[in-house]
Amino acid sequence: MTPTVATADAFASDIAVRCVGLVKHYDDVKAVDGLDLEVRRGECFGLLGPNGAGKTTTVEVLEGLIRPDGGTVELLGHRWGGRHDQWLRERIGIQLQQTDLADKLTVEETTGLFRSFYPRGRGVDETLALLGLESKREARVHKLSGGQKQRLALACALVSEPELLFLDEPTTGLDPQARHRIWDVVETFREGGGSVVLTTHYMEEAALLCDRVAIVDLGRIIAEGSPDTLVAQLDAEQIVQLRVDGDLDEEALRGLAGVTRVDRNGGDGFRLGVSAVGEALPAILGALAAGGVTLEAMITKQPGLEDVFIHLTGRRLRDE
């Protein structure tokens with residue numbers, strides 16, 4: 001799945017995507033507010049954030065689907081809006097958050113239709129095999145399951161053998177088996193030298209697929225780095241989630257032995273970063289007892305990207 005090199009100067013830079021000062025307004029709403037971003041060639045880069053954070057708008061600007069109100073965008077060494085537009089469209093693959101394909105066409109006909117849009121690419125048979133859709137070749141789109149439709153949409157994005165792949169929440173609503181199948185395809189694409197820009201709400205997905213991630217909130221990047229690097233910044237071996245009945249002093253928790261961070265987790269909940277569970281748990285229980293506060297629930301877990309976001313913003317990555 002090695003990308004085809006079209007011109008020597010197109011690969012002069014090791015940056016697949018670069019945007020500087022990106023701005024996009026919808027009436028009075030700043031969907032994207034001065035966003036800077038670089039994606040290196042051969043990496044999978046994730047954009048994380050809740051609904052309304054500006055992830056999809058950012059990706060649609062990068063894809064050339066909508067025009068920005070400010071800033072610059074460069075893909076594979078070229079900018080949209082000039083003589084390189086056709087060249088760029090032949091070298092990017094796009095899977096939208098929702099792809100509406102013609103219901104009455106078969107899987108083979110749909111893939112063949114998208115293949116006909118490009119002067120180069122892989123064959124239909126090869127593409128269907130890549131996505132595990134050979135047995136559904138003659139099935140009509142409206143007969144496919146949700147996971148099969150997502151795989152077909154990804155097949156349409158990959159049939160041109162792109163160098164840069166945009167995936168906007170590609171596994172939302174899928175069962176674990178279908179999700180893992182798409183992950184395998186994305187990993188194979190990246191290992192073959194392709195670059196990926198991915199938006200997702202699934203922290204497991206981001207941690208598994210992405211070399212680097214950017215956490216987006218209110219149209220801005222508020223943190224960026226590898227998943228491991230961002231989690232390490234929490235300086236916590238474990239996360240302790242508490243739900244209590246009573247008035248608990250947040251500052252009292254901050255001073256407890258072994259507790260490194262304290263964040264609110266809803267009205268009666270707390271999320272604590274702890275450096276030593278054996279030291280912190282007795283101190284936490286003692287503080288609750290001393291304050292006459294009833295412990296309703298306690299969970300301990302490894303820290304993750306969602307904990308990073310909650311610490312930075314006080315909100316969850318996935319809106320509920």
Side-chain angles (χ1 to χ4, degrees), residues 36-38 40 43-51 53 55 176 179 183 198-218 220-320:
D36 298 333
L37 178 67
E38 282 192 348
R40 301 165 190 148
E43 80 170 339
C44 181
F45 190 94
L47 291 173
L48 311 181
N51 292 332
K55 306 185 306 298
R179 187 174 299 148
W183 290 353
L198 167 77
T199 75
T200 181
H201 281 159
Y202 296 110
M203 299 306 99
E204 179 189 5
E205 183 166 273
L208 177 68
L209 295 179
C210 296
D211 301 288
R212 291 186 301 133
V213 299
I215 297 178
V216 182
D217 189 38
L218 302 177
R220 294 176 176 266
I221 291 177
I222 60 173
E224 182 178 339
S226 72
D228 288 344
T229 298
L230 292 178
V231 172
Q233 292 174 2
L234 289 174
D235 191 28
E237 294 179 0
Q238 294 278 320
I239 298 295
V240 178
Q241 295 179 204
L242 306 174
R243 190 172 74 249
V244 300
D245 182 12
D247 187 15
L248 182 59
D249 185 357
E250 187 172 334
E251 289 305 314
L253 290 176
R254 295 184 192 280
L256 295 179
V259 175
T260 58
R261 294 179 182 273
V262 178
D263 297 304
R264 280 281 181 180
N265 190 24
D268 57 356
F270 295 88
R271 186 177 295 233
L272 283 59
V274 301
S275 59
V277 175
E279 184 180 17
L281 287 183
I284 293 168
L285 295 175
L288 297 181
V293 176
T294 302
L295 176 64
E296 294 189 335
M298 175 185 288
I299 299 173
T300 62
K301 67 182 188 71
Q302 294 293 322
L305 289 171
E306 184 156 347
D307 300 296
V308 176
F309 186 82
I310 289 173
H311 178 70
L312 292 172
T313 70
R315 297 185 291 116
R316 296 178 64 85
L317 269 166
R318 289 185 294 275
D319 291 343
E320 296 181 344

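Along the sequence shown, the residues carry numbers beginning at 1.
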Once you round to the nearest 0.5 Å, how far does [atom1] of [X] lie from [atom2] of [Y]?
| X | Y | atom1 | atom2 | value |
| --- | --- | --- | --- | --- |
| Leu230 | Arg212 | CG | CZ | 10.5 Å |
| Thr200 | Leu209 | OG1 | CG | 8.0 Å |
| Glu251 | Leu256 | CD | CG | 11.0 Å |
| Leu48 | Glu306 | CG | CD | 10.0 Å |

Do [X] and [Y] have side chains that approach each other closer than 4.5 Å (heavy atoms only, starting at C-beta)?
| X | Y | answer |
| --- | --- | --- |
| Val240 | Phe270 | no |
| Glu38 | Glu224 | no |
| Gln302 | Gln238 | yes |
| Val308 | Leu234 | yes |

Return a table of donor-acceptor pairs under 3.5 angstrom between the side chains of residues 277-294 and protein atoms on other chains or two or more places apart.
none

Report task. Sequence neighbours left out, what passes salt bridge (Lys or Arg N to Asp or Glu O under 4.0 Å) with Glu296? Give chain and number order. Result -> Arg243

Query raised in the report: How close do Pro303 and Ala236 get, heavy atom to heavy atom, and via which atoms?
Result: CG-O, 3.4 Å

**Report entry** Salt bridge Asp307-Arg261, side-chain N to carboxylate O under 4.0 Å
**Finding:** no

Query - Partner of Leu272 by side-chain contact (heavy atoms from CB on, under 4.5 Å), out of Asp263, Val262, Thr260, Thr300 - result: Val262

Query raised in the report: Can Glu205 and Leu198 be said to form a side chain to side chain contact (heavy atoms under 4.5 Å, CB included), step by step?
Result: CA-CA 10 Å; Glu205 183 166 273; Leu198 167 77; 4.2 Å; yes

Requested in this report: Begin from the C-alpha positions of Leu242 and Leu295 and carry the test side chain to side chain contact (heavy atoms under 4.5 Å, CB included) through to its verdict.
Outcome: CA-CA 7 Å; Leu242 306 174; Leu295 176 64; 4.0 Å; yes

